[in-house]
Amino acid sequence: MIVYDRLWTTLKERGISQYKLIKDYNISTGQLDRLRKNGNVNTYTLNQLCEILDCRLEDIAEYKKESNFSLSQEIAQSYLEKSDKTS
């Protein structure tokens with residue numbers, strides 16, 4: 001699983017707020033929400049963040065191996081959230 005915990009640390013170190021990302025750099029609130037929830041984010045967004053923060057990918061993202069049980073729970077939760085939105 002890719003997690004974005006390091007992003008929030010890097011933002012703080014660089015003195016850039018989420019508000020500034022939205023207003024000055026046109027990062028959408030939806031993208032920030034997905035990052036907060038460690039959801040799917042496209043490589044274009046990751047590239048933008050690296051350019052804005054003048055950092056490397058490993059400064060904002062990290063791979064963490066997870067158990068099969070945890071992964072199954074996440075997939076089930078994602079499915080339920082999507083089905084709730086379409087109902």
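Ile2 approaches Ala61 most closely through the heavy-atom pair CG2-CB, 4.1 Å. In terms of heavy atoms, Leu11 sits closest to Leu21 at CD2-CD1, 3.7 Å. In plain terms, the two heavy atoms of Gly39 and Tyr4 that are nearest each other are O-CE1, 3.7 Å. In plain terms, the two heavy atoms of Tyr63 and Met1 that are nearest each other are CE1-N, 3.2 Å. Of all heavy-atom pairs spanning Lys64 and Asp5, the tightest one is NZ-OD2, 4.0 Å.
Residues Tyr25 and Leu53 form no side-chain contact, since every pair of their non-hydrogen atoms from C-beta on lies 4.5 Å or further apart. Gln18 has its side chain out of reach of Ile27: every pair of non-hydrogen atoms, C-beta onward, lies at least 4.5 Å apart.
Atoms CG and CG, on Leu49 and Leu32 in that order, are 7.5 Å from each other to the nearest 0.5 Å. The line from SG of Cys50 to CD1 of Ile60 is 4.0 Å long, rounded to the nearest 0.5 Å. With values rounded to the nearest 0.5 angstrom, Glu51 atom CD is found 4.5 Å from Asn47 atom CG. The structure places CZ of Arg34 at 7.5 Å from OG1 of Thr45, a figure rounded to the nearest 0.5 Å. Atoms CZ and OG1, from Arg56 and Thr10 in turn, are 12.0 Å apart once rounded to the nearest 0.5 Å. Taken from SG in Cys55 to CZ in Arg6, the straight-line distance is 11.0 Å, to the nearest 0.5 Å.
Placement of Leu35 and Leu57 within a single hydrophobic cluster is found when ILVMFWY residues are connected by side-chain heavy-atom separations under 4.5 Å, directly or transitively.
Looking at Arg14, its side chain does come within 3.5 Å of a backbone N or O of Asp54 through a donor-acceptor pair.
Residue Asn40 qualifies as open at atom CG: its count of foreign heavy atoms under 6.0 Å is 12 or below.
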